[in-house]
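Computed from a prediction, not measured in an experiment: that's the story for all the values here. FYI, side chains are in, hydrogens and waters are out, and symmetry mates aren't considered; it's all heavy atoms of this structure. Counting starts at 1 for both ligands and their atoms, in listed order.
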Amino acid sequence: MMSTRRKALKTLTAIPFVGGIFGPSILAAKAAEETVAKSALPVSGAVARDFFKELGLRTFINAAGTYTSMTGSLMHKEVTDAISYGATEYVNLDELHDKVGERIAELLDCEYATVSSGAFGAMTIGLAGVMCGMDEKKVAQLPDTKGLKNEVIVQKAHAIGYTHALINTGAKIVEIETAKELEKAINDNTAMLWFLNANTDQGQIKYEEFVALGKKHNVPTFIDCAADVPPVENLFKFTKLGFDLVCFSGGKGIRGPQSAGLLLGKRKYIEAARLHTPPRGATIARGMKVNKEEVLGMMVALELYLARDHKKEWELWEDQIKLISDSAASVKGVETEIHVPPHANHVPSLYIRWDEKVVGISTDEMRKRLRDGHPSIETVGNKEQVGITTWMMEPGQERIVAQRVKEVLESA
Ligand SMILES: *Cc1c(COP(=O)(O)O)cnc(C)c1O
């Protein structure tokens, strides 16, 4: 069932890599593209439909990371099998959520869990659960917060766009910077304290103190860990640290369905959060449905992720990044830096920088040429540098990226 294009790429990546010379594989890449072009002629019944091609969309090698705009991550076959399986039978949605919630809680050694519509959805329903508890009148009342605690305290450095998931409930954000300010900000309307793990280093208050402040004032704490696996330990760490609620994206490092996520933590809040979700209708989260297929897909993706050899996977990423780094740095005037972001997207990553006067190309133009080339390659970057990660690539694609990066920089 593999598309011709993927077959071609597979063949291409199987070509032995000889002595650091990238020449042969680019020829193979071009040949592969041509094969793809020829085989695009309709052969009724003989080939599976190539939907992206049909729609006139170009697929690409993801050298960027888990970006929603690039459709996040790819699911393993066990996950898509679970999704296909889910599509074959009816089941009671609440009962499915009950069972899968228990299974995930057991796997992650926390009190309770639910599959949410992404980390974003987890934040909305988690806060809604905290605000309304098990009171169905309050559930129906949102986003009108009259008579409810409706303030969420957030460190200023953490108040980036994702807080919109919180104000979806009708709540408002109260920004503070110091622990002292946080304590002063707490009042009878304080519903929750919210922490953004990705910006841990930018905020003055760290995890332990944040959790302690919540406990001291009897206010629940929530941490957004959307992009924070790897390391796998993070799936356990923050519930153990005492955060009442923790969320992860399903379709980032865990490689589950892109529109699924995990809400972990205290049973009383997660049971309350579920009152806002389908099948219940008159709620703010009716549109944040997770279908049975994705509930199963999320569960299986998590099982697979936990069972993976994380050390081996890390070593593979390190080798891949080094290959691309060496290839880029072999071009005169080009410098590379291998780094690992401490929080969020914590994987071996590469910066490529160069003297524009020597190399003769801007970072934007470089990224455009990679995107427009064959095969198309997506990277991240700004005026100063091009950024690359390999964790969202299919094995072998790092060689194509290494060679294309060098080729584009050399030919500039
Ligand atoms: C990706 C991300 C989200 C949104 O996660 P989804 O699973 O796409 O809903 C929220 N917060 C942070 C910090 C993220 O990186």
Taking a 3.5 Å cut-off between nitrogen or oxygen atoms, can you list every pair linking ligand 1 to the protein, with distances?
unit_1: ligand 1; atom_1: 5 (O); unit_2: S249; atom_2: OG; d: 3.0
unit_1: ligand 1; atom_1: 7 (O); unit_2: A119; atom_2: N; d: 2.8
unit_1: ligand 1; atom_1: 7 (O); unit_2: S249; atom_2: OG; d: 2.6
unit_1: ligand 1; atom_1: 9 (O); unit_2: A119; atom_2: N; d: 3.1
unit_1: ligand 1; atom_1: 9 (O); unit_2: F120; atom_2: N; d: 2.9
unit_1: ligand 1; atom_1: 11 (N); unit_2: D224; atom_2: OD1; d: 3.4
unit_1: ligand 1; atom_1: 11 (N); unit_2: D224; atom_2: OD2; d: 2.7
unit_1: ligand 1; atom_1: 15 (O); unit_2: K252; atom_2: NZ; d: 2.7

Audit row: D201, H343, side chain to side chain donor-acceptor pair (under 3.5 Å) steps and yes/no: CA-CA 8 Å; D201 293 342; H343 306 286; 3.3 Å; yes
List, one per line, each side-chain donor-acceptor pair under 3.5 Å for residues 274-284, sequence neighbours excluded.
unit_1: R274; atom_1: NH1; unit_2: D98; atom_2: OD1; d: 2.9
unit_1: R274; atom_1: NH1; unit_2: Y112; atom_2: OH; d: 3.3
unit_1: R274; atom_1: NH2; unit_2: D94; atom_2: O; d: 3.3
unit_1: R274; atom_1: NH2; unit_2: D94; atom_2: OD1; d: 2.9
unit_1: R274; atom_1: NH2; unit_2: D98; atom_2: OD1; d: 3.1
unit_1: H276; atom_1: NE2; unit_2: A128; atom_2: O; d: 3.3
unit_1: T277; atom_1: OG1; unit_2: R274; atom_2: O; d: 2.8
unit_1: R280; atom_1: NE; unit_2: R274; atom_2: O; d: 3.2
unit_1: R280; atom_1: NE; unit_2: T277; atom_2: O; d: 3.3
unit_1: R280; atom_1: NH1; unit_2: D94; atom_2: OD2; d: 2.9
unit_1: R280; atom_1: NH2; unit_2: D94; atom_2: OD1; d: 3.0
unit_1: R280; atom_1: NH2; unit_2: R274; atom_2: O; d: 3.2
unit_1: T283; atom_1: OG1; unit_2: H276; atom_2: O; d: 2.7
unit_1: T283; atom_1: OG1; unit_2: R286; atom_2: N; d: 3.3

Side-chain donor/acceptor pairs under 3.5 Å, residues 296-303, sequence neighbours excluded:
unit_1: E303; atom_1: OE2; unit_2: R103; atom_2: NH1; d: 2.8

Plane angle bin for H339 and Y351 - parallel if under 30°, tilted between 30 and 60°, otherwise perpendicular: parallel
Aromatic ring pairing H346/W314, orientation class (parallel under 30°, perpendicular over 60°, tilted between): tilted
Where at least one partner belongs to residues 133-143, residue pairs that pass side-chain hydrogen bond (donor to acceptor under 3.5 Å, both in side chains), sequence neighbours excluded: none
